[in-house]
Amino acid sequence: MSGYDESSLERYVIEPPKATTTARPPFGRDRARVLHSAAFRRLAGKTQVVGAGVADFPRTRLTHSLECAQIGRELALQLGADADLVDAACLAHDLGHPPFGHNGENALDVAAATCGGFEGNAQSLRVITRLEAKTVAADGRSAGLNLTRGALDAATKYPWTRGESTTGKYGAYDDDLPVFDWLRDGAPRSARCLEAQIMDWSDDVAYSVHDFEDGVQAGLVPVDRLGDDDAVAAVVHTASAHYSAEPPDVLAEAFAGLRRQPWWLQSFDDAHTDHVRLKRTTSELTARLCAAAVAATRGTWGDGPLTRYGAELVVPDDTRAECAVLKAVTHHYVMQRPGAAELQHAERALMAELVAAVAAGAPDTLARDLRSAYAEAATPGARLRVVIDQVAGLTDISARAWHLRLCGQPT
């Protein structure tokens, strides 16, 4: 495959040949394995930003991952990277995220303090390489989906461990270092391959644009008042606090520049024509953020195929600022809306109580496919990690159902 050597096509475990041969290339097989995985299906029941019940058709982690993959595939095609490889990485990037979004992630990080913490991206690697049922190594241990080295590397947004992190984000637990070290063999230390950078920017574009769209459709984002001084100040403050190191005046200008565009949605009354105009805004925003990255990357690296560690994705600072203020709009009006803090507190309490209840009753409280891992765990920390695997794999609805069954009270 052009631009990809034999090392990038290797799998962690050697597999027997299929009884029926197919013409699918290795990265195409990787994409199919992620798409058909149980963890991918469970994303349908995991919150993105607007939860079920707030609107009739909010995005879930599943629909977000599909949209991320579509954006990533288009970027790969324009940059000469393998489209199946980027597609697979985008589909896989959220597989480890727990119930209740980042709120659930924070709760599990506290609950897992004695076994190394919890991070959704590190959990994604664990799901792909250990928890999914697809391939077994010679010693009988699961090798998960057994994706190629190229696909695992492309799906690793933060290629370092917790101890090496300066931001709190990391891509592998210490328990998963053997496969992490294998997938990073030959890669520059802490550097991300181009395909991982495309996946990361596709993720940013997808959730900044589509979460904004969901917030508008749910009636939570007052688009007709986004130009008011108070609204601008709130959005810029949130962007500075959470999403960007750019000066406030740069962020304010980025926000104003978006609102000046002829396709920017000025009002929304839920009429059919409003939905049409909102879709145009969504489409234009996606195209704008992607086109800027493609033009800047081509301007730096030229017109040939760009792959692996032969190039880096270039996203202009003003484009990143526009993405940051879009995220900030949703953060301010959806994630910080009245009542959200109380709901988030209740969700964190539910997760903490559920981890404690599963741990107290293990192995009987674990799903059958995790009981052998619990029995083989040699330390309290290793056993807690299996409990965390169990709770992290639940959907929002099943987490509430498990809590009711094990704790005996709704939250």
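In this text, all values refer to a predicted model and were calculated from it rather than measured experimentally.
Contact annotation: the side chain of L183 never approaches that of Y12 to less than 4.5 Å [non-hydrogen atoms, C-beta and beyond]. Using a 4.5 Å heavy-atom cutoff, the side chains of D224 and P222 are in contact. The side-chain heavy atoms of R73 and R31, taken from C-beta on, include a pair separated by under 4.5 Å. Looking only at side-chain heavy atoms (C-beta outward), T282 and H210 come within less than 4.5 Å of each other. Side-chain contact between L79 and I198 is present, with heavy atoms from C-beta onward closer than 4.5 Å. Within the 4.5 Å cutoff, no side-chain heavy atoms of E119 are placed close to those of D109. Here the side chains of I71 and C290 are in contact, with some heavy-atom distance below 4.5 Å. A heavy-atom distance below 4.5 Å is not found between the side chains of E10 and T148.
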Please assess Y4 against F27 for the test ring pair (Phe, Tyr, Trp, His ring centres under 6.0 Å), listing each intermediate value before the final yes or no.
CA-CA 11 Å; Y4 300 94; F27 297 147; 5.3 Å; yes
Determine whether W301 and V314 satisfy the following criterion, side chain to side chain contact (heavy atoms under 4.5 Å, CB included), listing intermediate values before the conclusion.
CA-CA 9 Å; W301 295 97; V314 181; 4.0 Å; yes
Are K327 and D204 close enough, and set up right, to give a salt bridge (Lys or Arg N to Asp or Glu O under 4.0 Å), and what steps lead you there?
CA-CA 9 Å; K327 294 176 186 176; D204 275 356; 3.2 Å; yes
I'd like to know whether R383 forms a side chain to side chain contact (heavy atoms under 4.5 Å, CB included) with V386, so could you lay out the CA-CA distance, the side-chain angles of the two residues, the decisive distance to 0.1 Å, and finally the verdict.
CA-CA 5 Å; R383 289 190 285 274; V386 179; 5.8 Å; no
Side chain to side chain donor-acceptor pair (under 3.5 Å) between T286 and S283: does it pass, once the steps are laid out?
CA-CA 5 Å; T286 302; S283 178; over 6 Å; no
Can you check side chain to side chain contact (heavy atoms under 4.5 Å, CB included) on S124 and H93, steps first, answer last?
CA-CA 7 Å; S124 292; H93 83 282; over 6 Å; no
Evaluate the criterion salt bridge (Lys or Arg N to Asp or Glu O under 4.0 Å) for residue pair R29 and E15; output intermediate values, then yes/no.
CA-CA 13 Å; R29 292 179 66 192; E15 300 178 9; 3.6 Å; yes
Show your reasoning for whether side chain to side chain contact (heavy atoms under 4.5 Å, CB included) applies to Q344 and F100.
CA-CA 8 Å; Q344 291 166 1; F100 310 125; over 6 Å; no
For E284 and R288, what are the C-alpha separation, side-chain angles and deciding distance, and is it a salt bridge (Lys or Arg N to Asp or Glu O under 4.0 Å)?
CA-CA 6 Å; E284 293 282 0; R288 180 183 179 90; over 6 Å; no
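A donor-acceptor pair under 3.5 Å is formed between the side chain of R33 and the backbone N or O of L145. Although no hydrogens or angles enter the test, the distance criterion places no donor-acceptor pair under 3.5 Å between the side chain of S8 and the main chain of G150. Using modelled atom types, no side-chain atom of R308 and backbone atom of L194 make a donor-acceptor pair closer than 3.5 Å. Looking at R298, its side chain does come within 3.5 Å of a backbone N or O of Q78 through a donor-acceptor pair. T238 places no side-chain N or O within 3.5 Å of a backbone atom of A328 that could act as its donor or acceptor partner. Between the side chain of E164 and the backbone N or O of T161 there is at least one donor-acceptor pair closer than 3.5 Å. Side chain of D228 to backbone of D230: no donor-acceptor contact under 3.5 angstrom is found. A distance-only check finds a donor-acceptor pair linking the side chain of D274 to the backbone of D269 [under 3.5 Å].
Applying side-chain hydrogen bond (donor to acceptor under 3.5 Å, both in side chains) to D176 and the options R385, Q123, R130 leaves one that passes, R130.
Ion pairing between R24 and D30 fails under the 4.0 Å rule for side-chain N and carboxylate O. Ion pairing between a basic and an acidic side chain is recognised when a charged N comes within 4.0 Å of a carboxylate O; D94 and K46 show no such pairing.
Atom CG of L77 has more than 12 heavy atoms from other residues, nucleotides or ligands within 6.0 Å. The number of heavy atoms from other shown groups lying within 6.0 Å of CZ (R141) does not exceed 12. Within 6.0 Å of CG on D270 lie more than 12 heavy atoms contributed by other residues, nucleotides or ligands.
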Can you give the donor-acceptor pairs under 3.5 Å from side chains of residues 242-258 to other protein atoms, not counting sequence neighbours?
residue: Y243; atom: OH; partner: H331; partner atom: ND1; Å: 2.7
residue: S244; atom: OG; partner: E246; partner atom: N; Å: 3.0
residue: E253; atom: OE2; partner: R260; partner atom: NH2; Å: 2.5

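Inspection of the R192 and T156 side chains reveals no N or O donor paired with an N or O acceptor under 3.5 Å. With 3.5 Å as the limit, one finds a donor-acceptor pair spanning the side chains of N103 and E347. Counted by atom type alone, Y309 and D153 present one or more donor-acceptor pairs between their side chains at under 3.5 Å. In summary, the side chains of T319 and E322 do not present any donor paired with an acceptor at a separation below 3.5 Å, with no hydrogens or angles considered. In this model, no donor atom of one side chain and acceptor atom of the other lie less than 3.5 Å apart for T300 and T297.
With ring centers used as reference points, H102 lies under 6.0 Å from H97. Between F212 and W264, the distance separating the two ring centers is shorter than 6.0 angstrom.
Going from atom CG of D318 over to atom SG of C323 covers 12.0 Å, rounded to the nearest 0.5 Å.
Remark: K157 engages D200, D203 in a salt bridge (Lys or Arg N to Asp or Glu O under 4.0 Å) (not counting sequence neighbours).
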